[in-house]
Amino acid sequence: MTTEQPPEPQAHGVHIDAQPGHAAISIDGKTLPPGIVTGYVLQHDVSAALPTLILHTRQPDGTVFDGLARVAVGVPKTPADVIVGFLREVDPQMLDQEALNRADYGGGPGATARAMLQTLTEWAQNLEGAPR
């Protein structure tokens, strides 16, 4: 088992001039060809020394890449993934109590379900002191 850590990635000078529908991106003073970048993500964790730039590119026929790269694979969450993650964190007893104690609980058919859905909606929006 090796405990050797890879070296920190080399930092590059980046300039982004973005307008809706267009972005001119230069790396180390060299502007990327027009139309090759289809999107980008600039992420900076304040505690990290440098931001991370991920470029989404269109690869024309015949493009060859030969070199080292730091590779990250990201799978975007679907709305269903986000909802399921939120619902898994809900305490059923707390939801039951909060829904039944709502000032707008009106009774009648579907009243408990309506109260629970409204409570969950507020918690999702971080309103009314959602449990954390």
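Here the straight-line distance linking atom CD of E122 with atom CG of L117 works out to 11.5 Å at 0.5 Å rounding. Rounded to the nearest 0.5 angstrom, I54 CD1 and Y40 OH are separated by 13.0 Å. In this structure, CG in L53 is found 6.0 Å from CD1 in I25, a value given to the nearest 0.5 Å.
The main-chain N or O of P109 is found under 3.5 Å from a side-chain atom of R114 such that the two form a donor-acceptor pair. Side-chain atoms of D28 never come within 3.5 Å of backbone atoms of H12 as a donor-acceptor pair (strictly under, hydrogens ignored). Listed for the T78 side chain is a donor-acceptor partner under 3.5 Å among the backbone atoms of D81.
T119 places a side-chain heavy atom less than 4.5 Å from the side chain of L95. D17 is listed as a side-chain neighbour of H15, based on a closest heavy-atom distance under 4.5 Å. Looking at heavy atoms from C-beta onward, M94 lies in side-chain contact with W123 at the 4.5 angstrom threshold.
In this structure, a donor-acceptor pair under 3.5 Å is absent between the side chains of Q93 and Q97.
Summarising the geometry of P92 relative to V90, their closest heavy-atom pair is CD-O, 3.3 Å, with the distance given to 0.1 Å. A124 and F86 make their closest contact through N-CZ, 3.7 Å (heavy atoms, listed as atom of the first residue, atom of the second, distance). In terms of heavy atoms, M116 sits closest to A99 at CG-CB, 3.6 Å.
The only option from L42, I27, T38 that meets the side-chain contact (heavy atoms from CB on, under 4.5 Å) definition with L55 turns out to be I27.
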